[in-house]
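Input: a single structure, listed below in structure tokens.
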2 protein chains.
Amino acid sequence: MSPLALRTRAGQIRRMSSTANQLAAVAACAGDPARANILATLMDGRAFTAGELSGAAGVTPQTASGHLARMTEAGLLSVARQGRHRYYRLASPHVAQMLEGMLVVASEGLPPEKFGPRTAAMRLARTCYDHFAGRLGVSIADSLVAAGHVVLSDDGGTVTAGGRAFFARTGIDLETHRGGRPACRPCLDWSERRYHLAGVLGARIAASCFEHGWVRRRPRERTVDVTPLGRKRFREVYGVQIEEAR
Amino acid sequence: MSPLALRTRAGQIRRMSSTANQLAAVAACAGDPARANILATLMDGRAFTAGELSGAAGVTPQTASGHLARMTEAGLLSVARQGRHRYYRLASPHVAQMLEGMLVVASEGLPPEKFGPRTAAMRLARTCYDHFAGRLGVSIADSLVAAGHVVLSDDGGTVTAGGRAFFARTGIDLETHRGGRPACRPCLDWSERRYHLAGVLGARIAASCFEHGWVRRRPRERTVDVTPLGRKRFREVYGVQIEEAR
DNA sequence: ATGACGTTTCGGAAACGGCCGAAATGTCGC
DNA sequence: GCGACATTTCGGCCGTTTCCGAAACGTCAT
């Protein structure tokens, strides 16, 4: 660690600020291909073992261990030891939101087909930290906006009065959410280039879908599988037609 | 550039994804102290010349030039040539939002006094891309929330019906904003650890304050100065008491 | 034209950081 | 206790990156 090493220079705006150095430290953590792959893998909100993540990063366990330690130290990851495994996950929703923002910037200026997820299953339905993304996520968001249950814009979103009643009917609880009115956040889907629902609302919708067995996680994947029951219910409840996967 | 270099390995989750590599490329751009200082300087939304930015980064103009070229290439910056100067600015609001997210993560886990802006003027009032931050920004947000003009939560924010009337009265136009209802976005202030207003609403408020001469930019600084008129009007309109700077 | 200034390009030197092999630590199952 | 497994630590190799000096390019002023 070089101790700030300020070089004075005439006519400068502002010398090396310590907040910028912290920014650099955090950004550098995500700025390595191996670490970026680990972070992208953890973006679905689940916890993975060090070994699994070393595979995802394409490096040996020793190397991954160093990366994981560094990211944990930097506050990006949190670790839970369980037996001889160590489960790593994103340290906080703020980290997920930061990665979201970086993915949005990374996807700009590149043709979608060169950037987005390559597999059809990924494009169809996947999780993004704690909510749905892909065509499933975008379709649900579109349907809710069309029905007037939520309002989405670049800057944010809201659940309308009608929306609150709708979600109460469909068994999605938004009333227990602290901070007064329930809100939702738009998350720019980098494969669809469209908004889907993040925030508390997105998380509760996804949780509810898992709970009712409408969708299932695929093993060792970030993609999710819509069950036959789910296809039926998505059509009935949201008016969303889910294509058959594969 | 190494051409993907996949190493196959048994039991792995998912090999090196190209989206993660793009993520790494963007993150690496911000992951260097000199570049992070440049980005932090540009976070106030203005454009600076290459020379000014080299001073802010604490490196020679040659070095800064390379950094600026790289960030422009990566889509983080845009450049406008004007005479013998080249003005660099953040390429898009998405980039500002990404940096916002990184600053929030960078500020977590560090005591505020070790992280935040050091100068009193910075803590008091500064710009954050296109809106106010610091105590000024937080106070305005608090006041609007207390008056019931806006609702803020972790996930987003809204302008209430009463708020729309209030802003119309105070000469802040929100009706010409596309996308139906005006929305606002909470921006976590890393010095105050509190939310202030970003998004269209935050930008319009700041623009209006500059326009009416309530605040002025300080030369060569990211801080803003509240004029005597501004102190009076902030008290009258928002009920916000602005401390005398210095 | 000439000189001053802002900016970029090119060169090489030095430092940093990632990677793996080998080995140590800790945990589970028997 | 003893192997098998998951994970971490240590040491050294090697590629990458950053940095600056020197020089070239473009623009403005005289």
Side-chain angles (χ1 to χ4, degrees), chain A residues 1-3 5-13 16 20-21 24-39 47-74 77-88, chain B residues 1-13 16 20-21 24-25 27-38 47-74 77 79-88:
Chain A
M1 308 281 170
S2 67
L6 295 187
R7 253 173 253 83
T8 315
R9 187 167 284 278
Q12 68 192 45
I13 305 291
M16 312 282 279
N21 286 355
V26 167
C29 263
D32 172 79
R35 287 194 293 266
N37 272 281
I38 290 174
L39 290 171
F48 288 91
T49 68
E52 289 171 322
L53 292 172
S54 91
V59 294
T60 57
Q62 315 93 289
T63 304
S65 174
H67 287 315
L68 293 169
R70 174 168 172 181
M71 290 192 282
T72 306
E73 172 73 19
L77 265 42
S78 69
V79 57
R81 20 194 344 164
Q82 196 163 313
R84 51 181 163 182
H85 295 287
R86 290 203 176 177
Y87 284 91
Y88 288 90
Chain B
M1 309 286 169
S2 66
L4 274 190
L6 296 187
R7 255 172 253 84
T8 315
R9 187 167 285 277
Q12 69 191 49
I13 304 292
M16 312 284 279
N21 287 354
C29 264
D32 172 80
R35 288 194 293 268
N37 272 280
I38 290 174
F48 289 91
T49 68
E52 290 172 321
L53 292 172
S54 91
V59 294
T60 57
Q62 315 91 288
T63 304
S65 175
H67 287 314
L68 292 168
R70 175 170 171 180
M71 290 193 282
T72 306
E73 172 74 18
L77 267 41
V79 58
R81 21 193 344 163
Q82 196 164 311
R84 52 181 162 179
H85 294 286
R86 291 205 174 173
Y87 284 92
Y88 288 90

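Please read all numbers here as calculations on a predicted model, not as lab measurements. A, B, ... follow the sequence lines: proteins, then strands. Residue 1 opens every chain.
- Side-chain proximity of A/V59 to the nucleotides C/dC19, D/dT18, C/dT8 is greatest for C/dC19.
- Between A/T63 and the phosphate of C/dC20, there is a side-chain N or O to OP1/OP2 separation shorter than 4.0 Å.
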Legend entry - Heavy-atom protein contacts under 4.0 Å, nucleotides 21-30 of chain D, coded B base, S sugar-phosphate only, - none: BB----BS--
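- Atom OH of B/Y88 is separated from atom P of C/dG6 by 15 Å (rounded to the nearest Å).
- For A/T49, the side-chain contact (heavy atoms from CB on, under 4.5 Å) partners two or more places apart in sequence, or in a different chain, are A/E52, A/H85, A/Y87.
- Atom CG in B/L68 sits roughly 14 Å away from atom C1' in C/dT9 (whole-Å rounding).
- B/R70 meets the side-chain contact (heavy atoms from CB on, under 4.5 Å) test with B/A28, B/C29, B/R35; sequence neighbours excluded.
- When the side-chain hydrogen bond (donor to acceptor under 3.5 Å, both in side chains) test is applied to A/T72, no partner is found at least two apart in sequence or on another chain.
- Partners of A/S78 according to the side-chain hydrogen bond (donor to acceptor under 3.5 Å, both in side chains) rule, which considers only residues two or more places apart in sequence or in another chain, do not exist here.
- Separating the OH atom of B/Y87 from the P atom of C/dT8 is a distance of 13 Å, rounded to the nearest angstrom.
- Considering CG of B/L53 and NE2 of B/H67, their distance stands at 11.5 Å, rounded to 0.5 Å.
- Rounded to whole angstrom, the span from the CZ atom of B/R86 across to the P atom of C/dC5 amounts to 20 Å.
- Annotation for A/A30 and A/A36: closest pair O-CB, 3.6 Å, computed over non-hydrogen atoms.
- One atom, CG of A/L77, and another, P of D/dT8, lie 11 Å apart when rounded to the nearest Å.
- A/H85 has no side-chain polar atom (N or O) that falls below the 4.0 Å cut-off from OP1 or OP2 of C/dT27.
- Checking D/dT7, C/dC19, D/dT17 against every side-chain atom of A/T49, the shortest atom distance belongs to D/dT7.
- Whole-Å rounding puts the A/I38 CD1 to D/dT7 P distance at 12 Å.
- In this structure, A/L68 CG and A/L77 CG are separated by 6.5 Å, a value rounded to the nearest 0.5 Å.
- Across D/dT8, D/dA6, C/dC20, the shortest atom-to-atom separation from the side chain of A/S65 is found for D/dT8.
- When all heavy atoms of B/N37 and B/A57 are compared, the closest pair comes out as CB-CA, 3.9 Å.
- Every residue two or more places apart in sequence or in another chain was checked for a side-chain hydrogen bond (donor to acceptor under 3.5 Å, both in side chains) with B/E73, and none qualifies.
- The C1' atoms of five pairs define one axis at each end of the helix from C/dA1-D/dT30 to C/dC30-D/dG1, and these two axes lie 40° apart (to 10°).
- For the pair B/E73 CD and D/dT17 P, the computed distance is 14 Å after rounding to whole Å.
- Nucleotide D/dT16 holds its P atom 18 Å from the NE2 atom of B/H67, rounded to whole Å.
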